[in-house]
Amino acid sequence: MTGDVDYIDEAMFWLNCELMNALVDPASSDVEKFQGAVMSTQDWLTKHLAYVAAYASSPTLDLSALSSHSRQNWDDYIAAHWGKRVAFYENIPDVRTALDASELDSILLSAIDIEADLLSSLGFRLSDGGHGQGYAFRRVSSDSQCARRLQRAREAFALRDSA
């Protein structure tokens, strides 16, 4: 079932694997390719989080049935961000509500902020480099945090391979 705890468990496994693969992939020495890999993972994750929010009966999720690795991934990547995302979803009017342009602009600007917050939770930042400098894409997670995430991905993969 889309959005249930098994769904979250699988999504958290793949989230960590995809991000860690982007970090260690030799092609990621090209910043544009690295950014593309991370941003496509975030795009995928945003959709999954929307399914989870729609499925959940309350903003507080019961994650007790998650595997230990997936729970660590949730806590590391999503937990601090989840309340902001749920509040954003709760404040969006339903599809039958007419909006004027300024109301829609406000929702879209809030969505941009939510996605920037999620990207930061994933350990990256996309920012305007300043006048004439273009945009910059940077990893903001520490080396030690990335090492822990990579170790978790390897352990989770080994468990799946042994099953």
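In this chain, numbering begins with 1 at the start of the sequence shown.
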Students often mix this up, so state it plainly: with edges at 30° and 60°, are the rings of F157 and W14 parallel, tilted or perpendicular? perpendicular
ask   = Considering only heavy atoms from C-beta outward, does the side chain of M12 approach that of L45 to under 4.5 Å?
value = yes
When rounded to the nearest 0.5 Å, the distance separating CG of L150 from CG of L19 is 11.5 Å
- Message: Between L15 and W44, is there a side-chain heavy-atom distance shorter than 4.5 Å?
- Response: yes
Query raised in the report: Do the charged groups of R148 and D76 touch, with an N to O distance under 4.0 Å?
Result: no
Return yes if a side-chain donor-acceptor contact under 3.5 Å exists between T97 and D94, otherwise no. yes
So does A116 get a backbone contact from the side chain of S120, meaning a donor-acceptor N/O pair under 3.5 Å? no
Value for CZ (R149) from CG (L122), rounded to nearest 0.5 Å, stands at 7.0 Å
Interatomic distance, CZ@F88 vs CD1@I107, rounded to 0.5 Å, equals 7.0 Å
If you count heavy atoms of other groups shown closer than 6.0 angstrom to CZ of R125, is the number above 12? no
Worked verdict on E18 versus S40 for side-chain contact (heavy atoms from CB on, under 4.5 Å):
CA-CA 10 Å; E18 290 296 318; S40 67; over 6 Å; no
Closest non-hydrogen atoms of F124 and V140, given as atom of the first, atom of the second and distance, are N-CG2, 3.6 Å
*asked:* I'd like to know if the side chain of N91 reaches the main chain of A87, judged simply by a donor and an acceptor atom lying under 3.5 Å from each other, with no hydrogens or angles considered.
replied: yes
Value for CZ (R160) from SG (C17), rounded to nearest 0.5 Å, stands at 7.5 Å
Check your understanding: Which of parallel (below 30°), tilted (30 to 60°) and perpendicular (above 60°) describes H48 and Y7?
Key -> tilted
key: W74 with I114, same ILVMFWY side-chain cluster at under 4.5 Å   = no
**Request:** Group every Ile, Leu, Val, Met, Phe, Trp and Tyr by side-chain heavy-atom contacts under 4.5 Å, then state whether V24 and M39 land in the same group.
**Result:** yes
Notebook entry, point to check: Are L159 and F13 connected in the hydrophobic side-chain network, where two residues link if heavy atoms are under 4.5 Å apart?
Noted result: no
Tell me whether T41 contacts the main-chain N or O of A37 through its side chain, where contact means a donor paired with an acceptor under 3.5 Å.
yes
Tightest non-hydrogen contact, residues A56 and L61, listed as CB-CD2, 3.4 Å
Any W82 side-chain heavy atom under 4.5 Å of L49 side chain:
yes
Original post:
Tell me, do E115 and R85 make a side-chain contact under 4.5 Å, heavy atoms counted?
Top reply: yes
Legend entry - Side chain to side chain, F34 and L23, heavy atoms closer than 4.5 Å: yes
field: Sidechain-backbone polar pair: S141 side chain, C146 backbone, donor-acceptor under 3.5 Å
entry: no
| Hey, quick one: are L109 and Y135 part of the same hydrophobic cluster, counting side-chain heavy atoms closer than 4.5 Å, chains of contacts allowed? | no
Heavy-atom distance under 4.5 Å between the side chains of Q42 and V38, does that happen here?
no
Rounded to the nearest 0.5 Å, the CD atom of Q35 sits from the CG atom of D30 at a distance of 10.0 Å
From the list D6, D9, N73, side-chain contact (heavy atoms from CB on, under 4.5 Å) with L66 holds only for D9
Tell me whether Y51 at atom OH has more than 12 heavy atoms from other residues, nucleotides or ligands lying less than 6.0 Å away. no
